[in-house]
Amino acid sequence: MISATGVHADPEKPNIVFLMTDDQRWDTLGCYGRTDVLTPNIDKLAEQAVVFDNAYYAVAICMPSRTTMFTGRYFSDHKVGFTYPYNRTLPKEEFADSYPARLRDAGYRTGFIGKFGIRLESMSKTVAEHFDFFAGISTTSKHGPHFPKDDEELQKIYRKDRDPKERTLIKGDAMIRFLETQPKTQPFCLSVSFDAVKNDRDSDMYGPHVKLFEDKQMWVPGNWVEGKNTQLPKVLDHCRGTYLHMDRTSTPELYQKLARRFAVQAYTVDQQVGRLVEKLEEMGVMDNTIIIYTSDNGRFHGSHGIYDKAILYDEAMKEPLIIFDGRSGKEDRGRRVDAMVSSADLAPTMLSLAGVEVPKAMKGQDLKGLLDGTQDTGKWRDSVLMENFFIQEIFKVQNNPKKAKALNDEIIANNRSYRSRGVRTDRYKYFKYFEHHPVIEELYDLEADPLEQNNLVSNPEYAELLGKLRAKTAELHSEATP
């Protein structure tokens with residue numbers, strides 16, 4: 001049982017800790033059913049939290065996904081991504097409506113640690129304006145982490161001679177440092193963005209944890225494909241996940257090697273979650289603290305014969321989401337919620353839980369009623385919008401706007417675009433590659449076919465449903481954009 005006896009100076013303003021991993025599939029956590037991984041601290045937190053079983057990313061690739069979580073806006077709206085024409089820099093005026101900026105305006109001490117991951121106008125100035133404590137790495141910076149230079153402890157934590165295999169421990173150390181310097185009379189919002197479990201090099205593995213999974217046989221999903229998957233739409237031959245699969249996960253040996261490496265990194269993250277809870281209990285603030293655990297996107301890891309992310313199958317799109325609220329009663333803890341939830345919902349939810357007005361720019365919905373059980377789920381949304389606008393070919397010339405535009409036009413004209421949009425309901429998945437001519441569509445009955453192996457688009461029995469999901473996609477897309 002997680003508990004604490006500390007009393008916060010302002011119980012109306014709970015502390016918030018937002019934990020995000022990188023590329024962590026929802027089904028790589030014990031609390032979501034895996035038995036070959038080790039995530040004891042996360043699982044223990046989940047036992048006292050609300051666990052969402054139908055949470056989905058609005059977009060499943062890091063920069064646009066992180067922008068969505070900061071701002072509560074969909075990719076079609078903010079357009080902050082990697083490739084033209086969805087490679088916008090987020091203006092500082094718009095970041096002022098993000099959850100950390102709004103919370104700081106409301107009196108919170110705000111902190112950020114780890115991979116910042118979005119393209120932000122006037123990065124240094126905007127960070128200084130909205131964060132009291134920043135030990136982050138910018139996507140657009142080549143200079144590594146930025147942090148208060150007068151903090152000698154942070155300088156020790158981020159010293160250049162530290163073993164890179166301790167990258168996750170470094171984030172954990174900085175997290176503890178933030179809490180050690182926290183004034184007792186002020187609420188805080190700390191965002192910790194781990195770069196684990198994304199990478200798979202030896203230099204990313206914390207040695208003592210590698211031994212825990214040495215030679216361990218890891219679970220293999222039923223839709224893992226050995227070699228090339230010839231059943232995918234041909235347009236996905238241009239997707240980097242398809243050829244990366246051949247290099248990284250296309251044989252049983254390759255799959256097992258990387259599955260063990262992702263499990264190692266997940267365990268190292270899990271240990272930092274344990275450190276967090278222990279520190280919050282030591283401080284006596286656990287009963288007035290909200291902890292949110294999620295990732296920025298999933299990863300196929302060989303499912304569907306794809307290695308990467310972004311494509312709209314569930315392995316990339318389904319989101320692990322655990323929300324612990326130390327203020328809640330026993331009856332509201334340890335619950336599973338199956339309502340349809342989007343990653344766009346996190347920013348408005350954090351503001352709502354803190355009693356801060358949600359800006360109109362945020363398109364996500366407040367999850368507060370789902371967390372405390374007061375929401376009439378019959379009046380909740382029945383589907384969520386999903387989008388992917390990343391094109392690997394354009395990424396190679398992203399720094400040359402003229403070339404990027406010309407290449408984008410040529411890719412669309414020659415049917416190599418796999419940009420897609422669709423909806424996920426509790427039972428069905430529909431999406432379309434909308435720049436391909438003719439349009440390629442996919443439809444799955446996830447109750448009968450959870451691994452998305454049988455595309456029902458051409459089945460006349462599903463014609464009426466197909467029409468409804470096409471209309472729902474158009475409706476949600478319209479609502480998501482200004």
Side-chain angles (χ1 to χ4, degrees), residues 1-6 8 14-22 24 28-31 37-49 109-115 133-137 145 147 151-159 162-182 184 188-198 204-213 262-295 320 322-326:
M1 177 71 178
I2 298 171
S3 62
T5 58
H8 197 281
N15 306 307
I16 299 172
V17 182
F18 182 48
L19 303 175
M20 181 192 293
T21 53
D22 199 329
Q24 187 171 32
T28 57
L29 297 169
C31 58
V37 297
L38 292 174
T39 53
N41 293 294
I42 297 168
D43 298 342
K44 184 178 179 182
L45 185 70
E47 289 174 0
Q48 298 296 318
R109 179 183 183 230
T110 54
F112 187 92
I113 295 165
K115 178 179 175 180
F133 181 109
F134 190 83
I137 300 174
F147 49 82
D151 191 323
E152 294 183 2
E153 288 303 315
L154 270 182
Q155 291 184 44
K156 291 178 184 178
I157 290 168
Y158 283 95
R159 65 187 183 274
R162 192 162 180 182
D163 190 340
K165 293 183 178 181
E166 296 184 356
R167 62 181 186 146
T168 301
L169 279 69
I170 290 170
K171 311 298 186 301
D173 291 347
M175 172 183 70
I176 298 301
R177 181 60 181 164
F178 173 88
L179 295 173
E180 288 175 342
T181 57
Q182 172 61 31
K184 292 183 179 180
F188 63 83
C189 174
L190 173 62
S191 303
V192 184
S193 179
F194 298 100
D195 35 17
V197 303
K198 180 175 184 176
D204 299 319
M205 304 298 123
Y206 182 56
H209 297 166
V210 171
K211 297 183 184 300
L212 296 171
F213 296 91
F262 289 129
V264 168
Q265 294 175 79
Y267 180 73
T268 311
V269 169
D270 180 84
Q271 297 305 291
Q272 310 319 304
V273 175
R275 293 176 69 190
L276 169 69
V277 171
E278 183 178 1
K279 185 64 177 178
L280 292 171
E281 289 181 331
E282 176 191 308
M283 293 168 65
V285 298
M286 195 68 181
D287 62 355
N288 194 46
T289 298
I290 294 160
I291 302 173
I292 302 172
Y293 185 96
T294 190
S295 191
I322 301 162
I323 302 182
F324 166 86
D325 189 340

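Computed from a predicted model, the values in this text were never measured in an experiment. Residue numbers count from 1 along this sequence.
When the options Ile292, Leu276, Leu190 are evaluated for a side-chain contact (heavy atoms from CB on, under 4.5 Å) with Leu19, the one that passes is Leu276.
In this structure, Glu153 places its CD atom where more than 12 heavy-atom neighbours from other residues, nucleotides or ligands lie under 6.0 Å away.
For the atom pair Thr168 OG1 and His209 NE2, the distance stands at 9.5 Å (nearest 0.5 Å). Separating the SG atom in Cys189 from the CZ atom in Phe112 is a distance of 10.5 Å, to the nearest 0.5 Å. Annotation: the span from Phe18 atom CZ to Ile16 atom CD1 amounts to 10.5 Å, rounded to 0.5 Å. Here the CG-CG distance, from Leu38 to Leu29, works out to 11.5 Å after rounding to the nearest 0.5 Å. The distance from the CD1 atom of Ile322 to the CD1 atom of Ile42 is 6.5 Å, given to the nearest 0.5 Å. Of the inter-residue distances, the one linking Leu45 atom CG with Tyr293 atom OH reads 10.0 Å to the nearest 0.5 angstrom.
For Asp287 against Gly284, the heavy-atom pair with the smallest separation is OD1-O, 4.2 Å. Scanning both residues, Arg167 and Ala196, for their nearest heavy atoms gives NH2-CA, 3.7 Å. Between Thr39 and Thr28, the shortest heavy-atom contact is CG2-O, 4.3 Å. Between Leu154 and Ala174 the shortest heavy-atom distance is CD2-CB, 4.1 Å.
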Test side chain to side chain contact (heavy atoms under 4.5 Å, CB included) on Arg275 and Asp173 and set out the steps.
-> CA-CA 9 Å; Arg275 293 176 69 190; Asp173 291 347; 2.9 Å; yes
Stepwise salt bridge (charged side-chain N to carboxylate O under 4.0 Å, His left out) test for Lys44 and Glu47 = CA-CA 5 Å; Lys44 184 178 179 182; Glu47 289 174 0; over 6 Å; no
Under the side chain to side chain contact (heavy atoms under 4.5 Å, CB included) rule, what do Thr21 and Gln265 come out as? Steps first, then yes or no, please.
-> CA-CA 10 Å; Thr21 53; Gln265 294 175 79; over 6 Å; no
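Using a cutoff of 4.0 Å between basic side-chain nitrogens and carboxylate oxygens, Glu180 and Arg177 are scored as salt-bridged. The residues Lys171 and Asp195 are annotated as salt-bridged, a charged nitrogen and a carboxylate oxygen being separated by less than 4.0 angstrom.
Inter-residue side-chain proximity for Phe133 and Ile113 is flagged as met; some heavy-atom pair is nearer than 4.5 Å. Residues Ile170 and Tyr158 have side chains in contact (heavy-atom distance under 4.5 Å, counting atoms from C-beta outward). Using a 4.5 Å heavy-atom threshold, the side chains of Met175 and Lys279 count as separate. Considering only heavy atoms from C-beta on, Phe324 stays 4.5 Å or farther from Val277 through its side chain. Contact annotation: the side chain of Phe194 never approaches that of Val273 to less than 4.5 Å [non-hydrogen atoms, C-beta and beyond].
Annotation: Phe188 is in aromatic contact with Phe178 [ring centroid separation under 6.0 Å].
Listed for the Asp43 side chain is a donor-acceptor partner under 3.5 Å among the backbone atoms of Cys31. Put simply, the side chain of Gln272 gets close to the backbone of Thr268: a donor and an acceptor are under 3.5 Å apart. A donor-acceptor pair is defined here as one N or O able to donate and one able to accept, closer than 3.5 Å; no such pair exists between the side chain of Ser193 and the backbone of Gly114. For the pair Arg159 (side chain) and Lys156 (backbone), a donor-acceptor distance under 3.5 Å is present. A donor-acceptor pair under 3.5 Å is formed between the side chain of Thr294 and the backbone N or O of Pro320. Proximity of a side-chain donor or acceptor of Thr289 to a complementary backbone N or O of Asn15 within less than 3.5 Å is not detected.
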